[in-house]
Amino acid sequence: MAPKIAMVLAAGLGTRMRPLTNDRPKALVEVAGKPLIDHMLDRLAAAGVETAVVNVHYFADLVEAHLKARETKGLGPRIVISDERPKALETGGGIKHALPLLGDGPVFVANIDSIWIEHGAAAVDAVAAAWDPATMDVCLMLASTSGSLGFHDSGDIFLLEDGVVRFKDAGERAPLVYVGVHICKPEITADGPDGPFSLLPLWKRLAADHRVHGVAPDGLWMHVGDPDAKLAAEARLAER
């Protein structure tokens with residue numbers, strides 16, 4: 001069953017996006033006339049997500065005001081704020097901090113700087129369809145290096161039999177990259193350190209036990225990490 005709760009990671013400083021983030025957070029940078037965070041929230045709402053826990057840090061007041069205005073318009077999902085104003089906690093630390101807000105079941109986790117054009121079925125639904133809590137703790141949305149822009153050209157991930165993920169070793173090139181959305185059991189972060197920490201070391205430890213899986217839906221994925229990437233994404237969206 002697809003999770004009804006999502007964690008949306010919106011607390012980053014967006015330093016590579018400057019000067020566009022001089023007066024706003026990266027989450028509110030517009031691509032094709034829509035803030036990045038709205039691109040992701042609309043995808044999650046279409047997949048049946050009812051509640052999005054959004055972490056805030058940089059220009060937190062602006063993010064909260066935008067999300068309140070979005071809810072006033074009747075747009076889902078319902079928003080719950082995870083406040084990281086004192087200190088941004090990175091991906092793993094952000095989830096750990098939000099554990100009291102995320103419930104007891106699996107959740108979607110989404111970055112706000114990934115935009116895509118689907119070729120066929122909805123990509124978020126494909127991740128949900130692949131999710132099996134009996135055999136995995138994490139299920140990653142992946143894309144090929146040839147079907148993505150702005151991610152690692154040399155790839156990060158191999159998909160083995162039954163969708164098991166293997167992270168590349170030093171010096172290897174891999175065919176797939178993680179593109180910013182996954183399902184996980186949020187309690188995987190509970191034993192992480194206090195303060196900021198990344199999810200990647202957790203994933204690599206779980207992958208050694210075959211507990212990380214992935215799925216690569218058909219489409220074009222774009223990482224909007226800097227002003228040039230924003231322009232490139234807008235050009236691709238205009239072509240569509």
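Throughout, residue positions are numbered sequentially from 1 according to the sequence presented. Quick caveat: nothing in here was measured; it's all calculated off a predicted structure.
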Peer 1: Evaluate the side-chain contact (heavy atoms from CB on, under 4.5 Å) criterion for residues Val127 and Ile183: first the C-alpha distance (whole Å), next the side-chain angles of each, then the deciding distance (0.1 Å), finally the verdict.
Peer 2: CA-CA 7 Å; Val127 181; Ile183 295 174; 3.9 Å; yes

Peer 1: Tell me whether the count of non-hydrogen atoms from other residues, nucleotides or ligands lying under 6.0 Å of CG in Asp83 goes above 12.
Peer 2: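 Yes, the 6.0 Å shell around CG holds more than 12 heavy atoms from other groups.
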
Peer 1: For the residue pair Gly214 and Val165, what are the closest heavy atoms and their distance?
Peer 2: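 Nearest pair, atom of Gly214 first, then Val165: N-CG2, 3.7 Å.
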
Peer 1: Just verifying a value: how many Å separate Met40 CE and Ile37 CD1, rounded to the nearest 0.5 Å?
Peer 2: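 It is 9.5 Å, given to the nearest 0.5 Å.
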
Peer 1: Quick one: do the Ser154 and Lys168 side chains pair a donor with an acceptor below 3.5 Å?
Peer 2: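 There is such a pair (donor and acceptor under 3.5 Å, judged by atom type) between the side chains of Ser154 and Lys168.
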
Peer 1: Got a second to check how far Met7's CE is from Thr91's OG1, nearest 0.5 Å?
Peer 2: 10.0 Å

Peer 1: Considering residues, nucleotides and ligands other than Asp194, do more than 12 of their heavy atoms fall under 6.0 Å from its CG?
Peer 2: no

Peer 1: With a distance cut-off below 6.0 Å to the six-membered ring centre and an angular limit of 45° from the axis, does Arg166 pair with Phe158 as a cation-pi contact?
Peer 2: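 Yes, cation above the ring, under 6.0 Å and within 45°.
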
Peer 1: Working to the nearest 0.5 angstrom, can you tell me the gap between Asn22 CG and Phe59 CZ?
Peer 2: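 The CZ atom of Phe59 is 8.0 Å from CG of Asn22, to the nearest 0.5 Å.
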
Peer 1: Angle between ring planes, Trp203 versus Tyr178, binned at 30° and 60°: parallel, tilted or perpendicular?
Peer 2: perpendicular

Peer 1: Hydrophobic cluster membership, with links at side-chain heavy-atom distances under 4.5 Å among I/L/V/M/F/W/Y: are Val124 and Val54 in one?
Peer 2: yes

Peer 1: Does His213 have its ring centroid less than 6.0 Å away from the ring centroid of Trp131?
Peer 2: no

Peer 1: Please assess Asp226 against Arg18 for the test side-chain contact (heavy atoms from CB on, under 4.5 Å), listing each intermediate value before the final yes or no.
Peer 2: CA-CA 7 Å; Asp226 57 44; Arg18 289 174 181 162; over 6 Å; no

Peer 1: Please examine the side chains of Leu202 and Phe197, heavy atoms only from C-beta on, and report whether any two atoms are closer than 4.5 Å.
Peer 2: yes

Peer 1: Is there a donor-acceptor pair under 3.5 Å between the side chain of Lys230 and the backbone N or O of Glu30?
Peer 2: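 Yes, because the side chain of Lys230 sits within donor-acceptor range (under 3.5 Å) of the backbone of Glu30.
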
Peer 1: In the structure I gave you, are the side-chain heavy atoms of Ile188 and Val138 within less than 4.5 Å of one another anywhere?
Peer 2: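 Side chain of Ile188 against side chain of Val138, heavy atoms only: contact under 4.5 Å found.
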
Peer 1: Given side chains that start at C-beta, do those of Leu67 and Ile81 come closer than 4.5 Å, heavy atoms only?
Peer 2: yes

Peer 1: So, taking the atom named CG in Asp137 and the one named CG in Asp132, what distance separates them when rounded to the nearest 0.5 Å?
Peer 2: 10.5 Å

Peer 1: Using side-chain heavy atoms (C-beta onward) and a distance below 4.5 Å, is Pro186 in contact with Val107?
Peer 2: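 Yes; the side chains approach each other to less than 4.5 Å.
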
Peer 1: So, do Val29 and Leu20 sit near enough that their side-chain heavy atoms are less than 4.5 Å apart?
Peer 2: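 Yes, close enough: below the 4.5 Å cut-off.
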
Peer 1: Verify, without hydrogens or angle tests, whether Glu84 (side chain) and Leu89 (backbone) share a donor-acceptor contact under 3.5 angstrom.
Peer 2: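 Yes: the side chain of Glu84 pairs with the backbone of Leu89.
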
Peer 1: Using a distance-only test with no angle check, is there a side-chain donor-acceptor pair under 3.5 angstrom linking Asp113 and His223?
Peer 2: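 A donor-acceptor contact under 3.5 Å links the two side chains.
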
Peer 1: With distance as the sole test, does Lys185 use its side chain to make a donor-acceptor pair with the main-chain N or O of Pro133 at under 3.5 Å?
Peer 2: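 Yes, the answer is positive, given that a donor and an acceptor are paired below the 3.5 Å cut-off.
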
Peer 1: Is any side-chain heavy atom of Ile157 closer than 4.5 Å to one of Val177?
Peer 2: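 No. Closest side-chain heavy atoms not under 4.5 Å.
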
Peer 1: Could you give the distance from OG (Ser114) to CZ (Arg43), rounded to the nearest 0.5 Å?
Peer 2: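 The OG atom of Ser114 sits 9.0 Å away from the CZ atom of Arg43.
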
Peer 1: Restricting to non-hydrogen atoms, name the atom on Ser82 and the atom on Ala98 that form the minimum distance, rounded to 0.1 Å.
Peer 2: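 Taking every non-hydrogen atom into account, OG-CB, 3.7 Å.
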
Peer 1: Determine, using the 4.5 Å side-chain heavy-atom cutoff (strictly less than), whether Val215 and Trp221 are members of one ILVMFWY cluster.
Peer 2: yes

Peer 1: Is it the case that one hydrophobic cluster holds both Leu159 and Leu140, taking links as side-chain heavy atoms less than 4.5 Å apart, direct or via other members?
Peer 2: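 In one cluster with Leu159: Leu140, yes.
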
Peer 1: Kindly give the heavy-atom pair with the smallest separation between Pro77 and Leu41, and that separation in Å.
Peer 2: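 What the structure gives for the nearest pair is CD-O, 3.8 Å.
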
Peer 1: Among side-chain atoms of His66 and Asp38, is any donor-acceptor pair under 3.5 angstrom?
Peer 2: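 There is such a pair (donor and acceptor under 3.5 Å, judged by atom type) between the side chains of His66 and Asp38.
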
Peer 1: Rounded to the nearest 0.5 Å, what separates atom CG in Leu102 from atom OG1 in Thr189?
Peer 2: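 Answer rounded to 0.5 Å: 8.0 Å.
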
Peer 1: Is it true that atom NZ of Lys87 has more than 12 heavy atoms of other residues, nucleotides or ligands lying nearer than 6.0 Å?
Peer 2: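 No - once you tally the heavy atoms of other residues, nucleotides and ligands closer than 6.0 Å, there are 12 at most.
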
Peer 1: Looking at every non-hydrogen atom in both residues, tell me the closest pair between Leu28 and Leu62 and how far apart they are.
Peer 2: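 It is CD1-O, 3.8 Å.
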
Peer 1: Looking at side-chain heavy atoms only, is the closest gap between Trp116 and Met141 below 4.5 Å?
Peer 2: yes

Peer 1: Please determine whether residues Phe108 and Ile112 belong to a single hydrophobic cluster, defined as Ile, Leu, Val, Met, Phe, Trp and Tyr linked transitively by side-chain heavy-atom distances below 4.5 Å.
Peer 2: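 Shared cluster, yes.
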
Peer 1: For Asp169, does the CG atom have more than 12 heavy-atom neighbours from other residues, nucleotides or ligands under 6.0 Å away?
Peer 2: yes

Peer 1: Are Arg211 and Asp209 close enough for a salt bridge, meaning some N to O gap below 4.0 Å?
Peer 2: no

Peer 1: Output yes when Asp42 and Lys34 qualify as a salt bridge under the 4.0 Å nitrogen-oxygen rule, no when they do not.
Peer 2: yes

Peer 1: Can a donor-acceptor pair be found, under 3.5 Å and without considering hydrogens, that links the side chain of Glu118 to the backbone of Gly219?
Peer 2: no

Peer 1: One pair to check against side-chain contact (heavy atoms from CB on, under 4.5 Å): Ile5 and Val49. What are the steps and the verdict?
Peer 2: CA-CA 6 Å; Ile5 298 177; Val49 170; 5.9 Å; no

Peer 1: Taking all non-hydrogen atoms of both residues, which atom of Ala229 and which atom of Val224 are closest, and how far apart?
Peer 2: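 So the minimum-distance heavy-atom pair works out to CB-CA, 4.0 Å.
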
Peer 1: In terms of side-chain geometry, is the basic nitrogen of Arg173 or Asp156 positioned less than 4.0 Å from the acidic oxygen of its partner?
Peer 2: no

Peer 1: Could you please spell out the steps behind the side-chain contact (heavy atoms from CB on, under 4.5 Å) verdict for Leu200 and Phe167?
Peer 2: CA-CA 10 Å; Leu200 185 57; Phe167 289 94; 3.9 Å; yes

Peer 1: Look at Lys96 together with Asp191 and state whether they make a salt bridge at an N to O cut-off of under 4.0 Å.
Peer 2: no

Peer 1: With a sphere of 6.0 Å drawn around CG of Asp23, does it hold more than 12 non-hydrogen atoms of other residues, nucleotides or ligands?
Peer 2: yes

Peer 1: Using only atom types and a distance under 3.5 Å, with no angle test, would you say the side chain of Ser148 pairs donor to acceptor with the backbone of Phe151?
Peer 2: no

Peer 1: Any side-chain heavy atom of Leu142 sitting closer than 4.5 Å to one from Val179?
Peer 2: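 They are not in side-chain contact.
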
Peer 1: Can you name the nearest heavy-atom pair linking Ala32 to Leu237, along with the distance?
Peer 2: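 Looking at all heavy atoms of both residues, the shortest contact is CB-CD1, 3.9 Å.
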
Peer 1: Would you find a donor on one side and an acceptor on the other, under 3.5 Å apart, between the side chain of Glu50 and the backbone of Arg78?
Peer 2: no

Peer 1: Is it true that a side-chain atom of His39 and a backbone atom of Ile115 form a donor plus acceptor pair closer than 3.5 Å?
Peer 2: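 Here the side-chain-to-backbone pair does not exist.
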
Peer 1: Linking I/L/V/M/F/W/Y whenever their side-chain heavy atoms sit closer than 4.5 Å, directly or via other members, would Leu101 and Val63 fall into one cluster?
Peer 2: no

